[in-house]
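None of the values given here were measured: they were computed from a predicted structure.
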Amino acid sequence: MDANEDFARTAALLGALDLYERRYETDAAFVEVLAPALALSLPIGVLPPMRHHDGNDPTES
């Protein structure tokens, strides 16, 4: 599998996870663990920095 196929598969999985999260009775713990893991497999710069749930940005001093 080349890098383009891997990227496309990861993007598709993130899209499917987004649809799953919007469903009723979603397993929130599953989404909380899987989403960042999938996002980390994408190349740097593809996604904007993600804020923590409490609104704090760890990159800001």
Side-chain angles (χ1 to χ4, degrees):
M1 177 178 299
D2 70 359
N4 289 330
E5 289 174 345
D6 188 41
F7 175 82
R9 183 180 59 168
T10 302
L13 286 170
L14 281 169
L17 186 62
D18 179 53
L19 290 174
Y20 171 73
E21 184 180 24
R22 295 169 191 251
R23 289 184 45 205
Y24 183 67
E25 296 182 18
T26 297
D27 182 357
F30 174 77
V31 174
E32 272 188 46
V33 169
L34 192 59
L38 282 173
L40 284 174
S41 71
L42 292 171
I44 295 174
V46 172
L47 297 175
M50 296 169 50
R51 292 193 176 269
H52 287 267
H53 290 291
D54 59 7
N56 293 327
D57 186 351
T59 61
E60 294 178 359
S61 308

Q: For the residue pair T10 and L38, what are the closest heavy atoms and their distance?
A: CG2-O, 3.5 Å
Q: Give the cluster check for V33 versus L14: same hydrophobic cluster or not, with ILVMFWY residues linked at side-chain heavy-atom distances below 4.5 Å.
A: no
Q: Would you please name every residue forming a side chain to side chain contact (heavy atoms under 4.5 Å, CB included) with V31, sequence neighbours left out?
A: L17, Y20, E21, T26
Q: Rounded to the nearest 0.5 Å, what's the gap from CG on D6 to CG on L42? Could you check?
A: 8.5 Å
Q: Which residues satisfy the side-chain hydrogen bond (donor to acceptor under 3.5 Å, both in side chains) test with R23, sequence neighbours excluded?
A: none
Q: Quick one: list whatever passes side-chain hydrogen bond (donor to acceptor under 3.5 Å, both in side chains) with D27, sequence neighbours left out.
A: none
